[in-house]
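Just so it is clear: chains get the letters A, B, ... in the order the sequence lines come, proteins before strands, and each one is counted from 1.
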Number of protein chains: 2
Amino acid sequence: MVPLMTERLSAATWTEMALRVLADRGIEAVRVEPLARLLGVTKGSFYWHFADRRELLDSVLLGWEQAATFDVIDAVELACDEPDDRLRELTRLVFRHGGPLDRAVRAWASHDESAANAVARVDSRRYAFVRALLEAHGLTPPTAAMRARLLYTSLIGEQHTSLKLARKHRVEWALRNLEFLLDRG
Amino acid sequence: MVPLMTERLSAATWTEMALRVLADRGIEAVRVEPLARLLGVTKGSFYWHFADRRELLDSVLLGWEQAATFDVIDAVELACDEPDDRLRELTRLVFRHGGPLDRAVRAWASHDESAANAVARVDSRRYAFVRALLEAHGLTPPTAAMRARLLYTSLIGEQHTSLKLARKHRVEWALRNLEFLLDRG
DNA sequence: CTGTTACCATACGGTAGCGTATGGTCTTTA
DNA sequence: TAAAGACCATACGCTACCGTATGGTAACAG
C-alpha cells in the first residue's frame, strides 16, 4: 500500500468513532477491525493507541459519562433560571436530543458491570439535579424525592418504550404531566 | 462417544434455555454451540430442530411476547378486581418479578428491529391495560391517557435505572407515587 | 424382523475478529 | 543531517462460532 500519511489519528479519534458506532449499532458493533476500516486505517494504528479492545471500551464509557453528566445539566442551567422552567427545558431536551447514545449505553449496561456502574453514577447525579429543582420549586424534601423519582424514571422509560405516538404529542403529554407534578406537590 | 440416549430434546427445550441465557447474559450470549454445551448435546441436535440461529431468536422473541403480554395482565386480573387495587398489584409485580428478561429483551430491541417490534406490541398492550384501569378508576379519557403514559414509562424506567435504593423503599415510593396519580381532577 | 423416521454425534470448511511481531515511513529533536 | 520517537501497514497464529454433510442409533410401524 502507498503510505500517503495525509492524516494521523489520536486515541480521541478512535473513541469518538466508537461512540458513534455505539450509538447507532450497539456495543457489539464497536470492534477494532471494522472501526479501523471506518477510519481508513488498519488495526496496527489501534494497538498503538490502546492496549486492547477493553481499553477502548473504558475510554468510551468515560467519555460518555462526562458528557452525559454535564452536557444535559449545563444545557438546562444555561437555558433558564427558574426551577420549573428548568424542568420544562429538561423534559424537552430528553425528547429532542433524547439519546440513541444514552439508550445504547443503557442497553450495554444491562450485562456489563463497568457500564452499569457508569450509568449508576450518571443516574444518581441527574436524579439529584431533578430532586433539587423540585425542592426549589417548593415541594417538601420527602415529596420532592419521590416525585423526582417518578419524573426521572419516566423520562428514562420514554427512551426505552416503543409507544407509537407522534413526537409532538409525546412532548406535549410529558410537559402536561410535568405541570401536574408541579401543581399538586 | 457412547450414545446413551437418555433424553431427547425438543425445540421448546432449546427455546427455554435460550430464554434463560438471554435473561442473565444478554442476547449476544445466546449462541448455538455454547447452548448445546449447556444442554449436554452438540449442535447436530440444534440444526435438526432449527434452520439457523435466527430461527431460534425468532422463537425466543415469540415466547417472550406471549408470556410478557398475558402473564402480567392475567396475574393482575386474577389477584384482585378493583381498578386501583389492580394498579397497586401491577406496581408491586414490576418490582418483585420485575424482569431481568424484560430488561434483556429491551436491550436487545435497542438495535434489532424484530425485537423492537415485539417490544412495541407488548408496550402497547400493557399501556392500554393501564389506561383502561385509570379510566375505570374514574379519570377522564384524556387524563387517563396521559397519566397512564407517565405511570407506564416510569415503571419501565425503574427497570433500567440503577438508582441505588433499598428495594423496600423503591416499592413504597412507587406505590405512593401511584396514589398521587390516582388522584382525581 | 425389517424398514422408516426422529434425533443426535462427528467432522469439515469457512468467516470474523483478537492480539502480536516486525518493519516501514513520517516527524521531531539533537 | 543523523538519531530517536511517533504512527501505521502487513502478515501471522489463534479462537469462537456458523452452517453443512454424513453417518449412526434409538424407537416405532408394518
Check: Taking CZ from Arg8(B) and C1' from dA9(C), how many angstroms apart are they, rounded to a whole number?
Finding: 12 Å
Item checked: Rounded distance in Å - CG (Leu39(A)) to C1' (dC7(D)) -> 14 Å
Checklist line | Summary of salt bridge (Lys or Arg N to Asp or Glu O under 4.0 Å) pairs that have at least one residue in residues 21-30 of chain B, sequence neighbours excluded | finding: Glu28(B)-Arg31(B)
Notebook entry, point to check: Under the ring pair (Phe, Tyr, Trp, His ring centres under 6.0 Å) test, which residues partner Tyr47(A), sequence neighbours left out?
Noted result: none
Check: Whole Å only: how far is the CD atom of Glu28(B) from the C1' atom of dA16(D)?
Finding: 13 Å
Next item on the list: Rounded off to whole Å, could you give me the CG-to-P distance for the Leu38(B) and dC17(D) pair?
Entry: 11 Å
Item checked: Where protein sits on nucleotides 16-22 of chain C, one letter per nucleotide: B base, S sugar-phosphate only, - none, heavy atoms under 4.0 Å -> -BBBB--
Next item on the list: Quick one: list whatever passes side-chain contact (heavy atoms from CB on, under 4.5 Å) with Ala115(B), sequence neighbours left out.
Entry: Leu61(B), Trp108(B), Ala109(B), Asp112(B)
Check: Can you tell me how far P of dC7(D) sits from CH2 of Trp14(A), to the nearest Å?
Finding: 13 Å
Next item on the list: Return no unless some side-chain N or O of His49(B) is found under 4.0 Å from OP1 or OP2 of dA6(C).
Entry: no
Next item on the list: With the side chain of Thr42(A) defined as its heavy atoms from C-beta on, choose the nearest nucleotide among dT10(C), dA6(C), dT10(D).
Entry: dT10(D)
Note to self: What I want to find out is whether Asp102(B) reaches Arg126(B) closely enough, with some N-O distance under 4.0 Å, to be called a salt bridge.
What the structure shows: yes
Item checked: Pair listing, ring-ring contact (aromatic ring centres under 6.0 Å, His included) test, anchored in residues 152-172 of chain A, at least two apart -> His160(A)-His160(B)
Note to self: Listing request: all ring-ring contact (aromatic ring centres under 6.0 Å, His included) pairs with a residue in residues 111-131 of chain A, at least two apart in sequence or in separate chains.
What the structure shows: none
